[in-house]
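The figures here come from the full heavy-atom set of this structure, side chains too, leaving out hydrogens, waters and symmetry mates.
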Amino acid sequence: MSRLIYQHGMTLILPLEFHETVVGHCRRKLAGEFLSTESPEKKAYGLVAGTRTGAVLEVGACFPLKKNARSREPFRGQMDYLMQKHAVRSETPLEKRGWVADPDEWNEVGRKCSDLGLMLLGTYHMHRVGWNHDMLRDTPTVLDAILGKKSSMVMFIVSMVNPDSPVIRAFFEGNPELEIPILSRSSG
């Protein structure tokens with residue numbers, strides 16, 4: 001798969017059907033409506049694929065992920081270390097925070113992208129708890145920026161602090177200073 005390179009003035013087109021896919025995934029997980037094939041956690045994480053024409057990225061597919069590999073080694077130890085070093089404390093214990101995409105699921109999405117002629121643009125994950133210093137939680141945390149650094153991907157932050165008014169923002173490599181404006185439109 002080709003790597004995404006940041007360009008000043010980038011914009012991102014997010015068709016409404018994919019906006020609804022992402023928000024619907026987050027709402028379902030928040031409601032505790034878990035599929036039998038997924039990790040039963042109130043966390044939503046997924047991959048976003050699409051195309052690039054000049055400075056315009058257009059989402060062409062969203063893949064909600066089901067399996068969190070965070071609880072098995074070597075991922076558990078790596079994530080525990082990063083959480084201890086960089087995470088801000090919240091209501092969820094550090095050892096239960098974070099998501100690691102299952103390698104088999106990641107590879108399957110890569111095959112689907114290839115079949116569809118799409119490139120992997122990035123990842124999405126939700127923030128669901130407001131913090132005193134960041135009530136809306138619609139920007140990357142320090143930990144998000146560390147995890148996104150040198151990924152060559154867009155990190156979509158989905159603020160579900162108020163599930164009735166979700167906010168989706170996009171940042172290259174999770175860098176709060178490299179926001180990519182999102183334009184919504186109907187598909188087709």
Checking Asp144 against His125 for the side-chain contact (heavy atoms from CB on, under 4.5 Å) test, could you report, in this order, the C-alpha distance in whole Å, the side-chain angles of both residues, the deciding distance, and whether it holds?
CA-CA 10 Å; Asp144 289 335; His125 70 276; 3.2 Å; yes

May I have the step-by-step check of side-chain contact (heavy atoms from CB on, under 4.5 Å) for Leu14 and Val48, ending in yes or no?
CA-CA 10 Å; Leu14 179 62; Val48 178; 5.8 Å; no

Pair Asp104-Lys67, side-chain contact (heavy atoms from CB on, under 4.5 Å): steps then yes or no
CA-CA 9 Å; Asp104 292 334; Lys67 298 175 187 169; over 6 Å; no

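Under a 3.5 Å cut-off, the side chain of Arg27 and the backbone N or O of Pro163 do form a donor-acceptor pair. No donor-acceptor pair closer than 3.5 Å links the side chain of Glu105 to the backbone N or O of Leu65. Distance alone, capped at 3.5 Å, places no donor-acceptor pair between the Ser39 side chain and the Glu41 backbone. The closest donor-acceptor contact from the side chain of Ser159 to the backbone of Leu136 lies under 3.5 Å. Between the side chain of Arg52 and the backbone N or O of Ile5 there is at least one donor-acceptor pair closer than 3.5 Å.
Sequence neighbours left out, not one pair with a member in residues 112-121 passes side-chain hydrogen bond (donor to acceptor under 3.5 Å, both in side chains). Every pair passing salt bridge (charged side-chain N to carboxylate O under 4.0 Å, His left out) that includes a residue from residues 167-183 is listed here, sequence neighbours excluded: Asp138-Arg169, Arg169-Glu179. Residues in residues 5-15 take part in no salt bridge (charged side-chain N to carboxylate O under 4.0 Å, His left out) pair, two or more places apart or across chains.
The two residues Lys29 and Lys43 come nearest to each other via the heavy atoms CE-O, 3.0 Å. Closest non-hydrogen pair, Thr139 versus His127, comes out as O-CE1, 3.4 Å. Listed here is the closest heavy atom pair of Val129 and Arg137: O-NH1, 2.7 Å. Contact between Thr21 and Cys62 at its shortest, heavy atoms only, is CG2-CB, 4.0 Å. Residues Gly174 and Pro140 share a closest heavy-atom pair of O-CB, 3.2 Å. Residues Gly54 and Gln7 approach most closely at O-OE1, 3.6 Å, considering heavy atoms.
Here Ile168 contributes atom CD1 and Phe18 contributes atom CZ; the two are 12.5 Å apart, rounded to the nearest 0.5 Å. Rounding to the nearest 0.5 Å gives a distance of 7.5 Å between OG1 of Thr51 and CG of Leu121. The distance from the CD1 atom of Ile180 to the NE2 atom of His8 is 12.0 Å, given to the nearest 0.5 Å. Between atom CE of residue Met153 and atom CG of residue Leu120 there is a gap of 5.5 Å, rounded to the nearest 0.5 Å.
For Phe172, the ring pair (Phe, Tyr, Trp, His ring centres under 6.0 Å) criterion is met by Tyr6, not counting sequence neighbours. With sequence neighbours excluded, the residues satisfying salt bridge (charged side-chain N to carboxylate O under 4.0 Å, His left out) with Glu108 are Arg111. Taking Phe156 as the reference, nothing meets the ring pair (Phe, Tyr, Trp, His ring centres under 6.0 Å) condition, with sequence neighbours excluded. By the side chain to side chain donor-acceptor pair (under 3.5 Å) test, Ser184 is found to be paired with no residue, residues two or more places apart in sequence or in another chain being considered. Take Ser36 and apply the side-chain contact (heavy atoms from CB on, under 4.5 Å) test, not counting sequence neighbours, and it matches no residue. His25 meets the ring pair (Phe, Tyr, Trp, His ring centres under 6.0 Å) test with Tyr124; sequence neighbours excluded. Under the side chain to side chain donor-acceptor pair (under 3.5 Å) criterion, Glu38 pairs with Arg28, not counting sequence neighbours.
Alongside Ile13, the hydrophobic cluster contains Val56 (criterion: ILVMFWY side chains under 4.5 Å). Other members of the cluster containing Ile157 are Met155, Phe171, with ILVMFWY side chains joined at under 4.5 Å, either directly or via other members.
When the side chains of ILVMFWY residues are joined at heavy-atom separations under 4.5 Å, either directly or via intervening members, Val59 and Val167 end up in two distinct hydrophobic clusters. Leu183 and Val22 fall into different hydrophobic clusters, where Ile, Leu, Val, Met, Phe, Trp and Tyr residues are linked whenever their side-chain heavy atoms come under 4.5 Å apart, directly or through other members. Following chains of ILVMFWY side-chain contacts shorter than 4.5 Å, one can reach Leu12 starting from Leu178, so the two form part of one hydrophobic cluster. Val161 and Val158 sit in two unconnected hydrophobic clusters of ILVMFWY residues. Membership requires side-chain heavy atoms under 4.5 Å apart, directly or through other members.
Using a 4.5 Å heavy-atom cutoff, the side chains of Ile182 and His19 are not in contact.
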